[in-house]
Amino acid sequence: MNKFKSWGFVNENGDFELENPEKSSYLYFPIANEAGIMSSITPTLNGDIKSGQNTFLLLPVSAEDLHNTRSSRNFWINIKGFEPWSVSGNSPMQLGYTFQENSPESVKLEAGFLWHKVTRENNDLGIKAEILNFAPADNHKVELMKVSITNTGEDTKTIAPTAAIPIYGRSADNLRDHRHVTSLLHRIKTTDNGVVVKPALSFDERGHKTNDVIYSILGVEDNGDKPIGFFPEVEEFIGEGGSFECPEAVFCNKEPYSKSLDMFEGYEAIGAIRFKDVELSAGETKTFIIMMAINEEGDETENEVLISKYGNLEKIDRALDECKKYWNNKLSRPEFNTGDEKFDRWMKWINLQPILRRIYGCSFLPHHDYGRGGRGWRDLWQDCLALLIMEPDEVRKLLYNNYAGVRIDGSNATIIGSKPGEFIADRNNIARIWMDHGAWPFLTTKLYLDLSGDLSFLLEEQEYFKDRLSSRCTDFDDTWTIEEGNKLKTFDGVIYKGTILEHILIQHLTPFFNVGTHNNIRLEGADWNDGLDMAPEKGESVAFTALYGSNLIEFAKILKELKGRYSIEEIDLAEEMTILLDSLNVPINYDSVEEKVNLLKTYFKSCKNKISGRKVKVSIDELIKDLEIKGKWIINHIRNNEWIKNSEGYEWFNGYYDNSGNRVEGDHANGTRMNLTSQVFTTMGGAATEEQIEKIIESANKYLKDDKVGGYRLNTNYHEVKKDLGRLFGFAFGHKENGAMFSHMAVMYGNALYKRGYVEAGYEVINSIYSHCINFEKSRIYPGIPEYINEKGRGMYHYLTGSASWMLLTVLNEVFGVKGYFGDLVIEPKLIDKQFDSEGKTSATALFAQRSIKVKYVNRNKLNYGEYKILSLSIDGNKVECSIYENKAVIERKVIEALDGDKLHDIVVELG
Ligand code: G1P
């Protein structure tokens with residue numbers, strides 16, 4: 001039986017510690033820097049290190065590999081008179097301790113932003129090792145490892161230290177595509193400090209190319225002394241019949257056979273570095289520094305730079321301090337001070353996650369064993385939500401660049417390049433389209449406009465993406481060739497540009513007309529739920545029809561503001577697009593699917609290859625009216641047609657039609673069918689009336705809520721591999737997109753409830769996720785939010801998930817109600833009584849208009865939401881003149897802008 005203890009935070013920075021971390025499976029921790037090193041590390045120092053799909057320094061690992069070979073970064077010490085001991089616990093003797101009750105060995109993990117320290121101590125041997133890993137906050141793709149060995153016994157010990165880190169040094173593709181042949185490419189060199197591999201060629205999807213990338217494992221003693229030799233080839237290090245758990249070089253205490261400046265060719269390599277023997281008297285500590293580096297430029301001098309920068313005790317400690325400072329500063333906004341200290345610290349780990357996804361994309365941590373790096377279109381925009389709050393300076397450019405991925409048919413490029421705004425045509429012409437894609441950019445842009453008031457952004461001109469796919473991927477443009485480039489051109493061959501406003505319009509207008517037989521927007525290749533991918537002909541997503549509908553109405557509001565601020569009467573639009581603004585010309589009957597589809601066909605024909613480039617002036621009032629008519633039509637249509645009641649008397653919205661054209665949700669012979677997604681967007685955007693929301697809450701509590709998985713499941717069990725809807729029904733129930741608590745949708749459900757004022761219910765949703773995540777015995781994850789909770793309650797796909805952005809947004813903008821409205825600061829708390837401390841106080845620190853503000857709520861009588869109003873508001877002790885309506889106050893942007901940019905400003909809000 002494992003002795004079980006959860007992790008606990010040790011300070012306000014969010015640092016935490018965990019006893020016996022190696023006794024939980026599947027744990028991993030990210031180590032990364034802005035230079036692009038991306039590592040994962042486990043309590044037994046397993047995991048991998050890479051800078052991209054084709055440049056893995058350590059062997060790529062999936063979750064299941066984490067317990068197969070326990071260690072990829074090892075460091076052995078051979079204590080005279082004893083068996084060899086591994087600092088990662090990877091010797092045969094230590095492996096045997098795993099289930100032993102009175103094991104002589106204890107392990108402790110401490111971790112923070114972004115460092116990972118394991119302390120392993122063996123009482124029988126009288127030895128302790130502290131292994132600290134981090135990536136320095138500078139421009140080197142390197143992970144540093146500091147190994148400190150202490151003699152905890154009474155007698156002096158003589159030890160022979162050997163680092164042993166296998167160098168994979170190639171593309172992840174070669175794991176099962178010429179693993180052996182690619183080792184023949186290896187050119188292995190030893191230097192004064194370590195083992196360096198520079199493959200002669202790279203064999204991967206890019207072809208057989210001369211390789212520039214250098215992979216290095218370097219070592220140095222705390223005083224700067226160099227190692228005494230190396231075992232650079234795996235087969236020599238482990239010996240005939242040996243293994244990484246029992247390597248001959250260590251177990252037979254062999255002399256290193258290689259010194260500096262040797263060359264080896266054509267073998268699997270290892271950074272096996274022998275340091276000179278050390279005498280450790282009682283209580284004495286000796287430290288070794290290991291550097292694991294990738295240099296993509298082929299710069300052979302970089303290793304000397306690394307040694308000179310980090311190559312002694314003082315230098316590595318300084319680098320660690322700088323690393324901590326860098327991340328603590330980056331993650332300091334937003335910051336929360338509620339009555340629950342644990343929650344406040346947990347939220348810091350949520351802050352980290354969107355940044356991790358910016359660095360890692362959706363690949364490159366052990367559960368994320370798919371993709372080749374990068375992110376999809378939807379994720380690109382989701383992650384910007386949090387970045388707008390945390391790293392706002394760069395985001396305007398990012399948003400602007402991302403709009404270059406929109407096609408003139410309202411769809412978008414799906415292969416996203418590595419540079420901002422770079423979108424690539426799919427050479428295989430895979431015609432896949434996700435029907436929800438057009439809706440997300442608007443949400444992110446709206447957040448940007450609310451935070452900044454920068455409505456002129458909508459009038460900036462941007463290009464459109466162009467490839468062979470046309471008419472929302474139902475057709476090909478055979479006149480287009482890859483040489484033509486990826487930008488939409490006019491018939492005169494000029495690259496066409498339209499405003500951001502025009503891009504948003506087109507993303508909403510083409511779906512509006514692209515309906516199935518029940519007059520909801522077609523599901524096409526899938527929606528947010530990637531697994532709903534088997535209903536391209538007759539499938540419909542009511543859930544996302546609702547989102548498009550509310551977006552249309554919200555966009556109309558933004559255009560009204562634009563008109564008011566800039567006295568704009570007319571908007572320039574591509575001439576072809578007026579076809580879609582039918583209410584301005586010849587209005588069609590929106591109840592007629594046929595009329596909608598025909599109108600869309602006419603539009604697609606007009607822009608299949610190129611467009612005229614002619615712009616027409618459209619009255620902004622008429623445009624606003626058109627959007628409102630369309631948005632309202634959607635809302636009414638859904639209210640009137642998709643509200644269902646089952647035989648048990650529960651009511652909610654149906655969200656889907658399958659490929660047989662049948663309604664999906666409601667009573668079914670296999671049991672009730674209900675989806676969370678269908679409730680989220682109808683609630684969030686206003687399709688659901690208040691009466692309906694109450695019924696939705698009851699139904700979700702009845703059919704979807706399950707404490708076992710930390711709250712609300714994505715769907716009920718369909719008890720069917722429903723091949724006319726999607727592959728997800730092939731997954732076992734309770735896993736991933738089939739009925740797990742899928743954090744992204746669950747958090748959005750919470751967000752929607754808060755938005756509509758159902759604060760207790762919203763709190764329940766958010767709190768159930770949080771409570772499950774911090775319950776380590778169930779979730780078995782470090783602080784943070786995972787992509788989903790599986791049927792056994794385990795947190796899966798930790799760190800890289802869009803749900804972190806939504807969690808942040810929900811807590812700051814909804815729970816604390818600190819948000820923007822066209823550039824002004826809005827304060828609208830939706831805190832419940834238990835979220836205040838014993839004195840009735842709670843606060844959130846955030847950035848707004850480049851000023852640091854700390855919004856402090858004072859609720860002396862500990863009133864609940866609904867009972868309190870805003871009584872008064874002051875900034876730095878001075879009463880602020882602002883409009884207060886009940887629970888909401890609006891402070892004009894100029895008031896915030898007048899504050900000193902270098903100081904933190906207290907905004908005290910009295911509630912009563
Ligand atoms: C993941 C994907 C996201 C997709 C979701 C559901 O969610 O990244 O694009 O919509 O699965 O299929 P995430 O990892 O962001 O939680």
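Both ligands and their constituent atoms are indexed starting at 1 by order of listing.
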Give the residue and atom name of whichever protein heavy atom lies nearest to [atom], and the separation in Å to one decimal.
{"atom": "atom 14 (O) of ligand 1", "answer": "Glu787 OE2, 2.6 Å"}
{"atom": "atom 10 (O) of ligand 1", "answer": "Trp528 O, 2.6 Å"}
{"atom": "atom 11 (O) of ligand 1", "answer": "Phe742 CZ, 3.4 Å"}
{"atom": "atom 16 (O) of ligand 1", "answer": "Thr801 OG1, 2.8 Å"}
{"atom": "atom 12 (O) of ligand 1", "answer": "Glu737 OE2, 2.5 Å"}
{"atom": "atom 15 (O) of ligand 1", "answer": "Gly802 N, 2.7 Å"}

Salt bridge check: are Arg727 and Asp530 linked by an N-O gap of less than 4.0 Å?
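Looking at Asp530 together with Arg727, the answer is no, because their closest N to O distance does not fall below 4.0 Å.
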Give a yes or no on whether a salt bridge exists between Lys819 and Asp450, defined as a side-chain N under 4.0 angstrom from a carboxylate O.
no
Is Lys342 positioned over the aromatic face of Trp7, cation under 6.0 angstrom from the ring centre and no more than 45 degrees off axis?
yes
Distance under 6.0 Å and angle within 45° of the ring axis: does Lys736 meet both against Tyr797?
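Verdict for Tyr797: a cation-pi partner in Lys736.
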Tell me whether Lys330 at atom NZ has more than 12 heavy atoms from other residues, nucleotides or ligands lying less than 6.0 Å away.
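Result for NZ/Lys330: enclosed.
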Per-residue contact class, Asp379 against ligand 1 - non-hydrogen pairs under 4.0 Å
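Asp379 to ligand 1: side-chain contact only, backbone stays beyond 4.0 Å.
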Would Arg357 count as a polar contact of ligand 1, with the cut-off being nitrogen or oxygen pairs under 3.5 Å?
yes
Ligand 1 N/O within reach of Asn529 N/O, cut-off under 3.5 Å:
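Looking only at distances, the answer is no, because the N/O contact criterion of under 3.5 Å is not met.
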Short list, please: which atoms of ligand 1 are under 4.0 Å from a heavy atom of Asp530?
4 (C), 12 (O)
Proximal ligand 1 atoms for Leu800, defined as those under 4.0 Å from one of its heavy atoms
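Near Leu800, the atoms of ligand 1 are 14 (O).
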Please identify each residue that fulfils side chain to side chain donor-acceptor pair (under 3.5 Å) with Glu720, with sequence neighbours left out.
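Side chain to side chain donor-acceptor pair (under 3.5 Å) list for Glu720, sorted by chain: Arg673.
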When you look at Thr414 and Arg432, which way does the side-chain hydrogen bond (donor to acceptor under 3.5 Å, both in side chains) test go after all the steps?
CA-CA 9 Å; Thr414 48; Arg432 178 140 190 219; over 6 Å; no
With Phe442 via ring-ring contact (aromatic ring centres under 6.0 Å, His included) - residues at least two apart
His508, Phe555
